[in-house]
Amino acid sequence: MIESKLAESLQNAVNTLYNQEVSPDIFQIQKTRPEFEGDLTVVVFPLLHLSHKAPEPTANELGQWLTEQLNEVKAYNVIKGFLNLEITDAYWISFFKTAAGEKNFGFKPQQDEPPVVIEYSSPNTNKPLHLGHVRNNLLGWSVAEILKASGKRVVKVNLVNDRGIHICKSMIAWQKWANGKTPKNTGQKGDKLVGNFYVLFDKAYKKEIARLMEQGMDEKEAAQKAPLILKAKEMLVKWEAGDEEVRQMWKEMNSWVYAGFDATYKRMGIDFDKIYYESETYLLGKALVNEGLEKGIFYRKQDGSVWCDLTDEGLDEKLLLRADGTSVYMTQDLGTAQLRYNDYHPQKLMYVVGNEQNYHFDVLQRILKKLGKSWADGIYHLSYGMVELPNGKMKSREGTVVDADDMMEEMAATARKTSKELGKFDDFTPEESFKLFEMIGLGALKYFILKVDPKKTMLFNPEESIDFNGNTGSFIQYTHARIRSVIRKAVTTGISPETEDIAGLSLEKKEKTLLKLLYDFPQVVSAAAESYSPAQIANYCYELAKEYNQLYHDLSILKEGNTSKRALRLMLSGFTSQVLCSAMGLLGIQLPERM
RNA sequence: GGUCCAGUAGCUCAGUUGGAUAGAGCAGCAGCCUUCUAAGCUGCGGGUCGUGGGUUCGAAUCCCGCCUGGAUCACCA
């Protein structure tokens, strides 16, 4: 890396010229802005207290030194307090020659250390996945891939919420109104079918509440005494007691939902290494609660409920066990965290969960720390913002959701329509074009979601749908198809860049800009891994594709008369294609050979 | 009310540990297909970076106040 070499040389310069000992990481070395001459810029303001001179003389002295000491530095210029360094083309080309040969350029080899366990998706089995889940799934999967690329071992886990009152609601509704409908005899996707009964339950339940309120009951009481909810509660009790009949129906309906989820996950291209089911883990936390009681960290109220007092940390008291001894959400998560720790001894326990649960995970970590679990330091809540619609939040019960399957289907259909309008794919087989529409549609969807900072709430406007022009996945896919096309043509016209000697070439501005962008890739990957942000990768891909497109338009690669120059551009094309594939692969987006 | 997060062009979003004249895309306008793929390229217009202070050589970025929006503070998950 040229940056570290510069820093080292600057360290010597400061030592010799100003007689001061400094660490090489105090130097601010950044990319030179395009409007100035040079490649890298040293900011000299912070060094003035070492030189005891004005900015410009300091910069000049250091520039002089670097030019003399390092043969990679060709020239320098000083503007105000900025020392702009011009790096030789020979350096960039030699970097290029070695990097382009590395198959995994930008990726670090896997380190021998404990894994990162990352939980994402975590669906409820009473309703289908919607756009909010899509953000969760894509984010979790992509962050896992980025961590792998930065050398981590990663275990992707899913915690399926397969039990509880919400599931019983679907079951009651199905019992009452389904007349034996199954995915098999209706052809409906299992998660959709079960989800519909959940909605039916909710509608009927609301009616009951309204009726009871007409009879003079207040809303709270009505919500608790409506016959339907009593039935659901009764069913939950039966479920917990292991009632054969209830368990059988539960098993069957869940299996329909899983089949539906699997189809959605598969189309989305995400997967897991391990699936935990809440029905198998929901009793786990109680041991920890007892541990806390024994240690005197938790306390029991008169009614028998167990609490953890976090008021000294600026939070509230948190319930851990109900008066009847049953566990709550927090109890279960304490248990599953311990289970996961036992299973993997991870260096980090990540949870990809929406920001509405920030408080929950804050409390979870604090309680585990109170219990003396030192591994709780490794808990990290990767909190992401909601996907909002123009008229506000998505709400499953009110039907204002964008369904994940519908969304993917619509994207593929739009890709088809757009392609037809542009008159492409005329020579494609049906299978080929089907694969492409899927690739383009899903690419657009994934890019649209992943390019925005996970922390931020994002807006999705169904009216406008997702664009295929501009800063989009399809633009990058298109650029890639274009690169491949150039390379194919070179091969058919008998041009073979490998035989040409490119070492002594001088670089044109466009070529150098592209090369420098490619040079940045490893740093982009590690930065994205540190901040858990696929958005950085996405924006990098766009920049790279855009730069290539400009080069493509300005310079006719295949028409270039100078054969070694043409070889350089072809090789640059190949390298760009490779880096784009690697980078977009981290987002789960495939790039086509043609489109 | 307490806590946390966000506020950048008409709209959707970038903006690395504080650095040079704040960037893209969409939308609008004007050009470019007998030339390697026009899902593209070029140009134009568009900003008190919510607001007021502070820190310093230098602030969209860090600190404090205020305004606006969101989340959360359940014997729901």
Side-chain angles (χ1 to χ4, degrees), chain A residues 25 28 30-33 35-36 41 43-46 48 54-55 79-82 84 122 124 161 163-166 278 282 301 303-307 314-316 318-324 326-330 332-333 354-360 362-363 383 385-386 388 392-393 415 418-419 421-422 424 440 444 448 451-453 455-461 464 467-479 481-490 493 523-524 527 530-531 535-536 538-539 542-543 546 549-550 552-560 569-570 573 594-595:
Chain A
D25 50 5
Q28 291 182 37
Q30 50 198 235
K31 284 189 279 181
T32 303
R33 298 183 64 132
E35 59 265 35
F36 299 101
T41 296
V43 186
V44 299
F45 290 112
L48 301 182
I79 293 167
K80 293 195 264 178
F82 299 92
N84 299 323
S122 321
N124 290 353
N161 185 356
R163 47 137 254 131
I165 190 78
H166 46 289
E278 210 183 279
Y282 81 108
K301 282 192 181 171
D303 63 0
S305 56
V306 178
W307 298 74
L315 302 177
D316 295 317
K318 187 74 197 172
L319 177 83
L320 296 176
L321 282 183
R322 296 189 185 101
D324 62 7
T326 57
S327 49
V328 292
Y329 182 40
M330 182 58 72
Q332 295 171 29
D333 260 4
N355 60 14
E356 56 204 352
Q357 292 193 37
N358 286 354
Y359 181 74
H360 173 77
D362 191 15
V363 171
S383 156
M386 302 289 101
E388 285 185 356
K393 251 189 103 167
T418 309
S419 305
E421 280 167 8
L422 292 168
K424 305 211 170 190
I440 295 167
F448 177 81
K451 80 169 174 190
V452 342
D453 183 339
K455 287 196 308 264
K456 295 193 176 176
T457 52
M458 59 178 290
L459 188 95
F460 173 69
N461 189 340
E464 292 171 9
D467 220 322
F468 288 77
N469 300 319
N471 186 354
T472 63
S474 0
F475 169 74
I476 296 162
Q477 289 172 321
Y478 176 72
T479 303
R482 196 178 235 179
I483 294 173
R484 303 309 305 177
S485 170
V486 170
I487 292 171
R488 270 196 305 275
K489 212 140 250 181
T493 45
Q523 289 172 63
V524 173
E530 268 174 47
S531 57
Q536 291 188 19
N539 288 305
Y542 177 65
E543 215 180 318
K546 199 176 165 160
N549 255 308
Q550 288 171 4
Y552 175 93
H553 277 273
D554 286 5
L555 313 168
S556 295
I557 297 170
L558 297 172
K559 300 265 160 60
E560 173 60 47
R569 289 183 193 158
L570 275 170
S573 300
R594 299 196 288 162
M595 74 181 266

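Here the structure is a predicted model, which means the values were calculated and not measured. The sequence lines fix the lettering, A, B, ..., with proteins before strands; numbering per chain opens at 1.
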What pair of heavy atoms forms the shortest contact from [X] to [Y], and how long is it?
{"X": "A:S474", "Y": "A:I440", "result": "CB-CG2, 4.2 Å"}
{"X": "A:D467", "Y": "A:A444", "result": "O-CB, 4.4 Å"}
{"X": "A:F448", "Y": "A:L459", "result": "CZ-O, 3.9 Å"}
{"X": "A:K424", "Y": "A:Y478", "result": "NZ-CE1, 3.5 Å"}
{"X": "A:K80", "Y": "A:P55", "result": "O-CB, 4.4 Å"}

[X] [atom1] to [N] [atom2], straight-line distance once rounded to whole Å:
{"X": "A:F468", "N": "B:G25", "atom1": "CZ", "atom2": "P", "result": "19 Å"}
{"X": "A:I476", "N": "B:A24", "atom1": "CD1", "atom2": "P", "result": "16 Å"}
{"X": "A:E530", "N": "B:U16", "atom1": "CD", "atom2": "C1'", "result": "11 Å"}
{"X": "A:D554", "N": "B:C32", "atom1": "CG", "atom2": "P", "result": "18 Å"}
{"X": "A:E464", "N": "B:C13", "atom1": "CD", "atom2": "P", "result": "11 Å"}
{"X": "A:Y542", "N": "B:A14", "atom1": "OH", "atom2": "C1'", "result": "11 Å"}
{"X": "A:L555", "N": "B:U35", "atom1": "CG", "atom2": "C1'", "result": "14 Å"}
{"X": "A:K455", "N": "B:G15", "atom1": "NZ", "atom2": "C1'", "result": "12 Å"}

- [ ] Evaluate side chain to side chain contact (heavy atoms under 4.5 Å, CB included) for A:L315 paired with A:Y359, printing each intermediate quantity in order.
- [x] CA-CA 9 Å; A:L315 302 177; A:Y359 181 74; 3.8 Å; yes
Looking only at side-chain atoms of [X], point me to the closest of [options].
{"X": "A:V452", "options": "B:G40, B:A14, B:U12", "answer": "B:A14"}
{"X": "A:R482", "options": "B:A38, B:A39, B:C13", "answer": "B:A38"}
{"X": "A:L422", "options": "B:A14, B:U35, B:A39", "answer": "B:A39"}

What's [X] touching, base or sugar-phosphate or nothing? Going by heavy atoms closer than 4.0 Å.
{"X": "A:F475", "answer": "sugar-phosphate"}
{"X": "A:I440", "answer": "base"}
{"X": "A:T479", "answer": "nothing"}
{"X": "A:L459", "answer": "sugar-phosphate"}
{"X": "A:E543", "answer": "nothing"}
{"X": "A:D453", "answer": "sugar-phosphate"}

TODO: Spell out protein contact along nucleotides 68-77 of chain B as letters: B when the base is contacted, S when just the sugar-phosphate is, - when no protein heavy atom is under 4.0 Å; keep the 5' to 3' order.
DONE: ---SSS-BSB
Can you tabulate the close N/O pairs, meaning under 3.5 Å, that link protein atoms to atoms of nucleotides 8-10 of chain B?
none

Task: Upstream residue (5' side of RNA chain B) when A:Q536 and A:L315 are each assigned their closest nucleotide - done: A:L315
Open item on the list: If you assign A:M595 and A:K451 each to the RNA chain B nucleotide with the nearest heavy atom, which residue ends up on the more 5' nucleotide?
Closed with: A:K451
Taking the same atom, [atom1], in [N] and in [M], what whole-Å distance lies between them?
{"N": "B:A27", "M": "B:C44", "atom1": "C1'", "value": "15 Å"}
{"N": "B:A9", "M": "B:G50", "atom1": "C1'", "value": "15 Å"}
{"N": "B:A22", "M": "B:A59", "atom1": "C1'", "value": "12 Å"}
{"N": "B:G7", "M": "B:U61", "atom1": "P", "value": "11 Å"}
{"N": "B:U37", "M": "B:G46", "atom1": "C1'", "value": "32 Å"}
{"N": "B:A71", "M": "B:G65", "atom1": "C1'", "value": "23 Å"}
{"N": "B:U48", "M": "B:C67", "atom1": "P", "value": "22 Å"}
{"N": "B:U35", "M": "B:U16", "atom1": "C1'", "value": "40 Å"}

Open item on the list: Can a donor-acceptor pair be found, under 3.5 Å and without considering hydrogens, that links the side chain of A:K451 to the backbone of A:G473?
Closed with: no
- [ ] Could you tell me whether the side chain of A:T472 and the main chain of A:F475 form a donor-acceptor pair under 3.5 Å?
- [x] yes
Task: Between A:Q536 and A:S531: side-chain donor-acceptor atoms closer than 3.5 Å - done: yes
Open item on the list: Between A:N549 and A:T479, do the side chains contain a donor N or O and an acceptor N or O under 3.5 Å apart?
Closed with: yes
When rounded to the nearest 0.5 angstrom, what distance separates [atom1] in [X] from [atom2] in [Y]?
{"X": "A:Q332", "Y": "A:L320", "atom1": "CD", "atom2": "CG", "result": "12.0 Å"}
{"X": "A:D362", "Y": "A:S383", "atom1": "CG", "atom2": "OG", "result": "11.0 Å"}
{"X": "A:N355", "Y": "A:M386", "atom1": "CG", "atom2": "CE", "result": "4.5 Å"}
{"X": "A:I557", "Y": "A:S573", "atom1": "CD1", "atom2": "OG", "result": "4.0 Å"}
{"X": "A:Y329", "Y": "A:N161", "atom1": "OH", "atom2": "CG", "result": "8.5 Å"}

Open item on the list: If the condition is ring-ring contact (aromatic ring centres under 6.0 Å, His included), which residues does A:F468 pass it with, not counting sequence neighbours?
Closed with: none
Open item on the list: Checking one value: the base orientation of B:C33, syn if chi is within 90 degrees of 0, otherwise anti.
Closed with: syn
Tabulate protein N/O versus nucleotide N/O from nucleotides 27-31 of chain B, keeping only pairs under 3.5 Å, one per line.
none

Open item on the list: Using a 3.5 Å limit for the pairing distances, which stems of at least 3 consecutive Watson-Crick or G-U wobble pairs does RNA chain B take part in?
Closed with: B:1-7 with B:67-73, B:10-13 with B:23-26, B:28-32 with B:40-44, B:50-54 with B:62-66
TODO: Specify whether A:F45 and A:F82 have parallel, tilted or perpendicular ring planes, treating 30° as the upper limit for parallel and 60° as the lower limit for perpendicular.
DONE: perpendicular
Is there a side-chain polar atom (N or O) of [X] under 4.0 Å from OP1 or OP2 of [N]?
{"X": "A:K546", "N": "B:G25", "answer": "yes"}
{"X": "A:T418", "N": "B:A39", "answer": "no"}
{"X": "A:K424", "N": "B:A39", "answer": "yes"}

TODO: State whether A:D324 and A:R322 are salt-bridged, where the test is any N-O pair (Lys NZ or Arg NE/NH1/NH2 against Asp/Glu carboxylate O) under 4.0 Å.
DONE: no
Please list, pair by pair, any protein nitrogen or oxygen found under 3.5 Å from a nitrogen or oxygen in nucleotides 19-22 of chain B.
{"residue": "B:G19", "atom": "N7", "partner": "A:Q28", "partner atom": "OE1", "Å": "3.0"}
{"residue": "B:A20", "atom": "OP2", "partner": "A:R33", "partner atom": "NH1", "Å": "2.5"}
{"residue": "B:A20", "atom": "N6", "partner": "A:T41", "partner atom": "OG1", "Å": "2.9"}
{"residue": "B:A20", "atom": "N6", "partner": "A:N84", "partner atom": "OD1", "Å": "3.2"}
{"residue": "B:A20", "atom": "N1", "partner": "A:N84", "partner atom": "OD1", "Å": "3.3"}

- [ ] With A:K301 as the cation and A:W307 as the aromatic partner, state whether NZ or CZ is under 6.0 Å from the six-membered ring centre and within 45° of the axis.
- [x] yes
